[in-house]
**Q** 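One structure, pasted below without further comment.
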2 protein chains.
Amino acid sequence: MDDPNLIDTKGGAAPTLAQVAARAGVSPITVSRVLRLPDMVARPTRERVEAAMRALGYVPNLVAGSLASARSRAVGVLVPTVANAIFADTIQGISDALEPLGYAVVLAQSRYDDTREEKTLAALLGRRPEALIMVGSPATAVGGEMLRRARIPVVETWDLPVNPIDAVVGFDNHAAGAAVAQHFAATGRRKLAFIGGDDPRATRRWMGFHEMAQEAGLEPPRRLVLGRNARAGVAAVAELADSDAVFAANDALAIGVLAGLRPANRRVPDDIAVVGLGDLEIGRLIAPSLSTVRIDGGAIGRTAGRLILSNEGSRHINLGFTLLIRHTG
Amino acid sequence: MDDPNLIDTKGGAAPTLAQVAARAGVSPITVSRVLRLPDMVARPTRERVEAAMRALGYVPNLVAGSLASARSRAVGVLVPTVANAIFADTIQGISDALEPLGYAVVLAQSRYDDTREEKTLAALLGRRPEALIMVGSPATAVGGEMLRRARIPVVETWDLPVNPIDAVVGFDNHAAGAAVAQHFAATGRRKLAFIGGDDPRATRRWMGFHEMAQEAGLEPPRRLVLGRNARAGVAAVAELADSDAVFAANDALAIGVLAGLRPANRRVPDDIAVVGLGDLEIGRLIAPSLSTVRIDGGAIGRTAGRLILSNEGSRHINLGFTLLIRHTG
DNA sequence: CTGAAAGCGCTAACAT
DNA sequence: ATGTTAGCGCTTTCAG
């Protein structure tokens, strides 16, 4: 039963805590204490142990420690994709909040695929993380159930689910969509379009956008589901011939739309307005600068990290968004 | 000795393999086999065990499994930062290559800080990953020694170190810098500048750039070390008054330079050429489109993933780069 | 095809 | 301040 996909772990066993103990002439538990509770150990003893560690190049086996103590000091992080810059700041924020405290970040991607998400969640939970942070909410009931049974802090982010599993750090996607539609209506746009994925968060943006357009007495906006990256934005332009305002569910998409509009000779914002979401640094720097719904992804990550470390304060945090009208709409 | 930063792991123990075994009326090892070697177990037995697992909501404890088998099925990934989009594709590539095989990605950031890198490396190795992939090479001798002693596959990426620890997947940063300088010289530029960080890879780009400029008979280029993000690019423009060509060590920086040049009324590429590195999708979409040294970050990640899974073929892979001259230079 | 025994490397709980 | 004992939840090895 040889699995050809196994990494060939070379020979040469790593030194163990017991070996350090033997070399220092103490019992294993003393070495363990030098590592975790150093000032519980007498100075000379500690120094002998430390010398032994250095001599052997000892690296404590956290896997064994996790099993013995039932504390993995790991947090699972599940994002749709890391390639989309929109989530990078959130991962960074989580890492910034937790790594200094000795937590490891175990990262996994769902790729916007519900089946994969379920598998990934199981794989993540198998490592017994002390908490799990995810962008969005579990797509399946099974996934949700797994998280609930795991009995660890769970933080759903980038949205405000109605029935959260535990903690939430996000913003109101519906309201964000509505805000953009309202802005378009207020600036005299008549034929709106939305471009984005069909995941729950994008769909909520669409719902808010759609409803507010109706309320403003505009004809129903179009919805284009072509992908989530800049290329999809370029492609979308072919369908935008009779729209005068587009809300793209993320900034990369919006920048793609801008790029597609240029050769089509449609002037932005005169002929058509374009608003993105996320506020990538680059959106502010291009010309014309991109109007967008600003989301503070870094704050989402840091807040999620803080939430799993403490039970004080609210566990349902709405970080909001800001409509930033720059030069494209 | 209460650490207030401990996550409050709630009560309610997760079901164990032994409990599943008891419920199914088999011995623990049989449950273990159902999980790992299902077709070694008779059909009816297997079905009983599977039913018991479902009934209990059993999630195998991979921490215990790792300890017992000495195989963690985890890979450590160390990057300078995840916020810089330039490494996102590499992480994605690693994840794509390894997650389907059951490996977890333990992600950590060095933040271009040598001390932090050393600590992070130790933290990573303590989890006993079966391999470690890093962007660049260990900054300190201690870090290198730790990696060597870990006796696991190590892949250094985004560079071609002269004395690699083990495997390498990267490109020649020196040659990339030289190629840009050569291009500038060939297109009549006289006063070159370089903007980037002071990390080893950026420095190698600078060296190549500088040497080739000399060879081409140009006056020595300037080197600006102001940061690595787009904002640093904007700031750099103040120092670029008498340069007619800039090589920015990454595309975000280059886009920042472009943004800074606009209000300064300096035309690109007529007054000044700008070339980046990385080939972010967005660079191709802005106007004028960004000239850049294309690096296939995704391929670097996937190749690194493949390398740690197999010992066949070369372990020193130069994936090269492509100079892409578009509209900024 | 299934099981019994032993142990991975560490820490918790109790001594002393 | 240090040590002893037991055991975390699983897999390995060897039997049958």
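Here is the naming used below: chain letters follow the sequence lines, and residue numbers restart at 1 for every chain.
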**Q** Go through residues 41-52 of chain A and report each residue with a non-hydrogen atom lying under 4.0 Å from DNA chain D, sorted by number.
**A**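 Heavy-atom contacts with DNA chain D come from A:V41, A:A42, A:T45.
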
**Q** Quick test of your reading of the model: are B:D39 and B:R46 salt-bridged, counting only N-O distances below 4.0 Å?
**A**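 Salt bridge flag = no for B:R46 with B:D39.
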
**Q** Looking at every heavy atom in both B:A104 and A:V106, which two are closest together, and how far apart are they?
**A**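 It is CB-CG1, 3.9 Å.
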
**Q** We want to know whether B:R36 and B:S32 form a side-chain donor-acceptor pair, criterion being a heavy-atom distance below 3.5 angstrom.
**A**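 The answer is yes; a qualifying pair exists.
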
**Q** For the residue pair B:Q109 / A:E99, report whether a side-chain donor-acceptor contact shorter than 3.5 Å exists.
**A**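 Result is no, nothing qualifies.
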
**Q** Could you check if a side-chain atom of B:V155 sits within less than 4.5 angstrom of a side-chain atom of B:M134, using non-hydrogen atoms only?
**A**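 Result no, sub-4.5 Å side-chain heavy-atom pair not found.
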
**Q** So which one's nearest nucleotide on DNA chain C is more toward 5', B:L67 or B:S27?
**A**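 So the residue in question is B:S27.
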
**Q** What contact category does A:V26 fall into here, base, sugar-phosphate, or nothing, at under 4.0 angstrom with non-hydrogen atoms?
**A**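 Sugar-phosphate, backbone atoms only, no base.
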
**Q** At under 4.0 Å between heavy atoms, which parts of nucleotides 10-16 of chain C does protein reach? Answer with one letter per nucleotide, 5' to 3': B base, S sugar-phosphate only, - none.
**A** BSBB---

**Q** I'd like to know if A:E47 pairs up with A:R43 as an ion pair, taking the criterion as any Lys NZ or Arg NE/NH1/NH2 lying under 4.0 Å from an Asp or Glu carboxylate oxygen.
**A**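 A:R43 and A:E47: salt-bridged.
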
**Q** Please determine if B:E130 and B:R71 form a salt bridge, counting it only when a charged side-chain N lies under 4.0 Å from a carboxylate O.
**A**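 B:R71 and B:E130: salt-bridged.
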
**Q** Under 4.0 Å between a Lys/Arg side-chain N and an Asp/Glu carboxylate O for B:D166 and B:R315?
**A**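 A salt bridge is present here (some side-chain N lies under 4.0 Å from a carboxylate O).
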
**Q** Please assess A:R111 against A:E117 for the test salt bridge (charged side-chain N to carboxylate O under 4.0 Å, His left out), listing each intermediate value before the final yes or no.
**A** CA-CA 8 Å; A:R111 309 302 231 110; A:E117 180 188 280; over 6 Å; no

**Q** Distance-only, no hydrogens or angles: does the B:T120 side chain make a donor-acceptor pair with backbone N or O of B:A108 under 3.5 Å?
**A**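 Checked: no pair found.
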
**Q** How would you give the extent of chain A contacts on DNA chain D, as first and last nucleotide 5' to 3' within a 4.0 Å heavy-atom cut-off?
**A**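 Both ends considered, the range comes out as D:dA1 to D:dG9.
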
